[in-house]
2 protein chains.
Amino acid sequence: MRRTPARRPTMKDIARRAGVSESAVSFALNDRPGVSAATRDRVRRVAEELGWQASTAARALSGEGSATVGLVLARPASTLGVESFFLQLVSGVQEALSRRRLGLLFQVVEDLDAECATYRRWWAEHRVDGVLVVDPCRDDPRPDLLDELGLPAVVIGSMTDDPAAEPPAHPGISNLWADDAAAMASIVGHLHGLGHRRITHIAGLPGLAHTRRRMRSLRAEAERRGLTEVASVTTDYSDAQGAEATRRVLARDRPPTALVFDNDVMAVAGLAAAAERGLSVPADLSIVAWDDSVLCRSTHPSMTALVRDTAAFGRHAAERLIALLDGEAAVRVQDDVPRLAPRGSTAPPR
Amino acid sequence: MRRTPARRPTMKDIARRAGVSESAVSFALNDRPGVSAATRDRVRRVAEELGWQASTAARALSGEGSATVGLVLARPASTLGVESFFLQLVSGVQEALSRRRLGLLFQVVEDLDAECATYRRWWAEHRVDGVLVVDPCRDDPRPDLLDELGLPAVVIGSMTDDPAAEPPAHPGISNLWADDAAAMASIVGHLHGLGHRRITHIAGLPGLAHTRRRMRSLRAEAERRGLTEVASVTTDYSDAQGAEATRRVLARDRPPTALVFDNDVMAVAGLAAAAERGLSVPADLSIVAWDDSVLCRSTHPSMTALVRDTAAFGRHAAERLIALLDGEAAVRVQDDVPRLAPRGSTAPPR
DNA sequence: GATGAAGACTAAAGCGCATTAGTTCGCGAC
DNA sequence: GTCGCGAACTAATGCGCTTTAGTCTTCATC
């Protein structure tokens with residue numbers, strides 16, 4: 001026998017039980033003037049007893065917003081779930097959101113168009129008060145769209161290829177990014193310091209702004225140091241393409257002595273690809289992974305990696321969004337600079 | 001200048017524009033009788049023009065449910081994002097949900113108590129119509145709670161230690177699980193077939209039902225085959241404890257010749273730990289990983305692993321939940337049996 | 001040609017909350 | 001002793017939608 005599910009208590013129940021009107025209950029629970037301290041306490045106690053929680057639906061309807069923020073991930077299903085980045089980011093986001101009892105509406109879609117459609121739908125359905133946008137890309141349509149809808153948003157990641165360029169102003173949109181240029185500089189510095197002069201960067205998706213930014217930073221840094229045999233190749237972030245790219249660049253006439261991978265998964269795949277070729281890491285080839293994870297620490301040798309606190313990054317982004325929801329102005333801020341953790345996969349070239 | 005955000009069109013707008021009453025609009029848009037085909041079409045066209053979408057808040061308030069399902073992950077932040085399992089599961093879940101325009105409300109919490117509190121809150125706030133529950137454990141308080149709240153749910157994973165035992169009936173709760181017994185049997189069969197007689201199972205969290213189920217299945221299978229030197233040890237799924245457990249069991253007098261790890265991360269860590277001891281895989285030690293991933297395919301040698309379609313698993317779970325929401329009865333079904341993919345990490349013992 | 005009934009549509013209520021406009025009461029001020 | 005005023009509280013309205021109860025028209029029925 002299914003027990004009849006408990007009925008959710010409403011403000012009316014509280015009102016009846018506390019012997020006051022519904023409005024008084026509303027005032028009491030929302031800390032608005034209009035009730036005495038005694039009544040406020042009594043109402044609070046009754047609400048507590050009944051286990052009352054405001055219905056977000058009703059709240060949303062009376063103009064208070066939905067107490068929810070959205071996050072859309074536009075990645076083909078195949079490349080999903082390979083990186084630890086997102087779950088960590090999300091866990092940080094949660095941390096900040098839960099303090100304010102905000103929910104996180106999560107959606108995985110195939111592509112950018114579907115992502116935009118999702119925003120439109122969420123907006124029309126009153127589902128979210130704001131959104132977190134990841135993977136900014138070239139000619140990104142999302143900031144304009146979100147601005148048009150009046151949906152507060154925080155873009156996570158650099159919005160421009162060029163570190164120096166000002167991104168177009170979007171009044172309702174904050175931007176938080178990691179300093180890719182400094183990070184790339186520290187990687188190149190580490191490798192160059194070890195004596196490497198031929199470095200290849202196995203990058204991620206070419207459409208993403210941060211990919212372009214990293215590539216640009218790499219070129220700039222190489223130029224500054226007078227390194228001429230430095231290049232980037234792009235991939236889709238998958239282990240397959242990471243391995244494939246590794247094989248390709250290692251097959252060249254003058255193969256690189258060091259590889260920089262744009263994520264942990266590709267770095268590990270690259271390590272295996274090098275082993276296939278009979279190359280020993282780090283003796284014959286040095287490898288650096290952008291973003292640390294268990295993967296990087298579990299390989300043999302363990303992976304020199306760019307460590308950043310992804311959860312904190314997510315937390316900061318969520319805090320920015322909360323600030324926007326509270327009516328503060330949009331900001332553009334740079335997050336902490338990632339730190340390079342040298343491990344076993346990098347050494348002087350042979 | 002911030003443009004004034006576009007106002008969301010409501011049914012009233014449609015009604016005015018189509019020259020009918022709001023009720024007629026509601027009937028038309030919901031395919032209810034009470035309007036002529038002509039009116040229905042006209043209303044539909046106007047709604048389309050205006051880009052109208054029903055406000056989920058208003059819908060929820062008038063008893064239609066919130067068009068949202070919830071998923072809580074109770075894991076300390078530290079162990080989060082190490083496995084690819086969850087994102088893959090979620091992407092499958094999405095696939096099924098998005099067909100019905102259901103949103104996924106996602107929450108990461110520290111422990112089971114917080115998870116239960118989340119369910120209570122969601123229920124009281126009318127936030128979700130149903131939930132997906134992962135990581136069922138011993139004396140799990142969640143099914144009872146969800147039943148009490150009348151919140152439809154699908155439990156993902158086996159709810160009992162004993163494959164033969166009937167779990168307590170929860171009328172509003174479906175259960176979907178992978179056949180751990182069969183999977184364990186195939187692993188033991190593979191290893192025994194290669195000639196291994198001393199097998200140690202490096203299991204996951206001892207509190208989880210599926211951990212206990214796997215351990216039980218291992219014992220049963222060993223008994224059936226007359227293997228006496230077979231055992232399980234439990235861990236917290238982390239690479240650290242995986243490595244630590246590996247070192248411990250390999251230091252025994254009669255160390256095992258084969259190890260079975262409950263996740264990919266520990267298997268890789270175990271591989272490294274074996275290498276430290278000077279053991280060569282698979283010559284001196286065979287290793288099997290439960291759940292395949294990039295990691296398993298990227299090690300050297302590549303890892304013999306239990307392959308299952310996690311995204312499909314998530315999709316099936318979400319479909320079960322949708323069935324519950326549609327008023328169908330709860331079911332208990334077993335999902336596809338995982339398949340063992342023999343790779344380089346297993347071979348006959350020396 | 002009066003009677004019913006079905007069909008197309010409108011009016012109104014209600015969901016749970018916030019909010020605005022009253023209403024009542026007590027108390028200090030003149 | 002009356003007036004005024006603020007504090008404490010209630011009544012009523014609206015948010016956007018669904019749904020039930022009506023109203024009005026038309027058309028078949030005996």
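Labels below follow one simple rule: chain letters A, B, ... track the order of the sequence lines, proteins then strands, and each chain is numbered from 1. Atoms considered below: every heavy atom in the structure, side chains included; atoms not considered: hydrogens, waters and symmetry mates.
Interatomic distance, B:Leu321 CG to B:Asp326 CG, rounded to the nearest 0.5 Å: 9.5 Å.
Checking the phosphate oxygens (OP1, OP2) of D:dT10, a side-chain nitrogen or oxygen of A:Ser21 falls inside 4.0 Å. Residue A:Trp52 has a polar side-chain atom (N or O) positioned under 4.0 Å from OP1 or OP2 of C:dC17. In this model, the phosphate group of D:dG16 is not approached by any side-chain N or O of B:Arg59 to a distance below 4.0 Å at OP1 or OP2. For the OP1/OP2 pair of C:dG14 and a distance below 4.0 Å, the side-chain nitrogens and oxygens of B:Ser62 include no atom meeting the criterion.
Side chain of A:Phe27, nearest nucleotide from D:dC17, C:dC9, C:dT20: C:dT20. Side chain of A:Val20, nearest nucleotide from C:dG16, D:dT10, C:dA8: D:dT10. Nearest nucleotide to the side chain of B:Thr10, out of C:dC17, D:dC9, D:dC17: D:dC17. Distances from the side chain of A:Lys12 to the nucleotides C:dC15, D:dC15, C:dT10 place C:dC15 closest. Listed nucleotides D:dG16, D:dT18, D:dT10 differ in distance to B:Met11; the shortest reach to its side chain belongs to D:dT18. The side chain of B:Ser36 has C:dC9 as its nearest neighbour among C:dC9, C:dA18, C:dC15. Of the candidate nucleotides C:dC15, D:dT19, C:dT19, C:dT19 has the atom nearest to the side chain of A:Arg32.
Place A:Glu64 and A:Ala58 on DNA chain C by their nearest nucleotides, and A:Ala58 ends up nearer the 5' end. Annotation: of the two residues near DNA chain C, A:Ala57 and B:Thr39, the 5′-most nearest-nucleotide partner is B:Thr39.
Note: CD (B:Glu22) to C1' (C:dA12) measures 11 Å, nearest angstrom. Atom pair A:Ile14:CD1 and C:dC17:P shows a separation of 7 Å (rounding to whole Å applied). Distance CG (A:Asn30) to P (C:dT19): 7 Å, rounded to an integer number of Å. To the nearest angstrom, P of C:dA13 lies 17 Å from CG of B:Leu61. Between the CZ atom of B:Arg127 and the P atom of C:dC17 there is a distance of 14 Å, rounded to whole Å. For the pair B:Leu50 CG and D:dG16 C1', the computed distance is 15 Å after rounding to whole Å. One atom, NE2 of A:His126, and another, C1' of D:dC17, lie 11 Å apart when rounded to the nearest Å. In this entry the distance linking CG of B:Asp31 with C1' of D:dT18 reads 15 Å, nearest Å.
Between A:Asp309 and A:Arg315 no salt bridge is recorded (no basic side-chain N to carboxylate O distance below 4.0 Å).
The base of D:dA11 sits within donor-acceptor range of the side chain of A:Ser23, with an N or O pair under 3.5 Å.
Residue-environment remark: CZ (A:Arg142) exceeds the threshold of 12 foreign heavy atoms within 6.0 Å.
By the 4.5 Å heavy-atom criterion applied to side chains, B:Phe106 and A:Gln94 are counted as neighbours.
Heavy atoms of B:Gly63 sit nowhere under 4.0 angstrom from any nucleic acid atom. Backbone-only contact: B:Ser55 has heavy atoms under 4.0 Å from sugar-phosphate atoms and none from a base. Residue-level contact check: A:Gln53 touches the backbone only, with heavy atoms under 4.0 Å from sugar-phosphate atoms and none from bases.
None of A:Arg120, A:Arg127, A:Arg121 except one satisfies the side chain to side chain contact (heavy atoms under 4.5 Å, CB included) rule with B:Gln53; the exception is A:Arg121.
Between the side chains of B:Ser66 and B:Arg59, no donor-acceptor pair of N or O atoms lies under 3.5 Å.
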